[in-house]
Amino acid sequence: MPAEGTSDIPPIETVYVNNLNERINKEELKKSLYAIFSQFGPILDVVARKTYRMRGQAFVVFRDITAATQAVRQLQGFPFYDQPMKLTYAKAKSDATAKLDGTFELKQKAERQAKRKAEREARAAAELAAKTAGSKRGADEAAGDEHGSGKRGRTGSEPALPVAPSAMPVAPSLSTQPAGPNPILFVENLPAEVNAMMLSMLFQQFPGYKEVRLVPGKAGIAFVEFEDENQSGAAKRGLQGFKITPQNLMQVSFAKR
DNA sequence: AGCACA
């Protein structure tokens, strides 16, 4: 018998993530996922819903399958908000992918047709039932009213992450007067809503990581401390220009002291 | 555990 492999799902651009911490709010979750996954390649979309059925899970849509594969392997079990992430490929192609490869229109058309057909059949069945019942008893038990198709998933704002521009080489930063190497990094151009957890997830991957400090009054900047300047230097190079959101390229320099 | 997207 086929040994139970965790990956009997064929590779696809989308990574299905589960065992996510369900207490994290959706927008933050999406941003954090974007932040740690984008190191593997351009991300087209991150989908997460908080419905009963979908909570604790998310879909990270890469442009390329190779990036998805890297992510599945390297982030498997990664401690994310205190829970090890579980990763597999998604079972079905994401809409973002379908939009790129041109199959989205076809899919929509097929869905519309299927829906129409189902409606037609349901109507036919109802008519038949009514006729049968009517001819036998004359009772008026026809037409069961059908509730349940009111799918309004609108939770107010729906600022799904815009399609990330394709992989562009990290722009060299024109820092003014760079401070000399030291164990503390200065990080700029962060999204305002960034928090220590999100940042620590990025920086803790580098050896010697000690802590991240946000500056209470000031949005968009942070300090990250390492054991020594070699380690801070490695993290600096590794995360320079990192796209923490589609529109925020992190700027990392040595802190002035 | 749980595979969605307007």
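Proteins get letters first, then strands, A, B, ... in listed order; numbering begins at 1 in each.
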Colleague: Under the side-chain hydrogen bond (donor to acceptor under 3.5 Å, both in side chains) test, which residues partner A:R23, sequence neighbours left out?
Modeller: A:N21
Colleague: Distance check needed: B:dG2 C1' versus A:K50 NZ, whole Å only.
Modeller: 14 Å
Colleague: Using atom CG of A:N18 as one end and atom P of B:dA4 as the other, report the distance to the nearest whole Å.
Modeller: 13 Å
Colleague: Atom CD of A:Q57 to atom P of B:dA1: distance rounded to whole Å?
Modeller: 11 Å
Colleague: We want to know whether A:Y81 and A:E22 form a side-chain donor-acceptor pair, criterion being a heavy-atom distance below 3.5 angstrom.
Modeller: no
Colleague: Taking only residues two or more places apart in sequence or in another chain, which ones pass salt bridge (charged side-chain N to carboxylate O under 4.0 Å, His left out) with A:K93?
Modeller: A:D101
Colleague: Strictly below 4.0 Å, N to O, side chains only: are A:E13 and A:R63 in salt-bridge contact?
Modeller: no
Colleague: Short of 4.0 Å, heavy atom to strand atom, which residues of residues 92-101 of chain A count as contacting DNA chain B?
Modeller: A:A92, A:K93, A:S94, A:D95
Colleague: What is the distance, to the nearest angstrom, from the OH atom on A:Y52 to the C1' atom on B:dC3?
Modeller: 15 Å
Colleague: Tell me whether the OP1 or OP2 atom of B:dG2 has a side-chain N or O from A:R55 closer than 4.0 Å.
Modeller: no
Colleague: Atom CG of A:N19 and atom C1' of B:dC3: how far apart are they, to the nearest Å?
Modeller: 15 Å
Colleague: So what does A:E111 touch, heavy atoms closer than 4.0 Å: a base, only the sugar-phosphate, or nothing?
Modeller: nothing
Colleague: To the side chain of A:T88, which of B:dG2, B:dC3, B:dA4 is closest?
Modeller: B:dC3
Colleague: Do we see A:F59 stacking on the base of B:dC3, given a limit of 5.5 Å between centres and 30° between planes?
Modeller: no
Colleague: In whole angstroms, how far is the P atom of B:dC3 from the CE atom of A:M54?
Modeller: 6 Å
Colleague: Nearest whole angstrom, please: distance from the P of B:dA6 to the NZ of A:K107.
Modeller: 10 Å
Colleague: Report the distance from atom CZ of A:R49 to atom P of B:dA4, rounded to the nearest whole Å.
Modeller: 11 Å
Colleague: Residues in ring-ring contact (aromatic ring centres under 6.0 Å, His included) with A:F223, at least two apart?
Modeller: A:F186
Colleague: Applying salt bridge (charged side-chain N to carboxylate O under 4.0 Å, His left out), can you list everything that pairs with A:E193, at least two apart in sequence or on another chain?
Modeller: A:K31
Colleague: Let's test your reading of the model: under 3.5 Å, does the base of B:dA6 pair with the side chain of A:E105 as donor and acceptor?
Modeller: no
Colleague: Quick one: name the residues clustered hydrophobically with A:F104, using the 4.5 Å side-chain heavy-atom rule over I, L, V, M, F, W, Y, and just say none if it's on its own.
Modeller: none
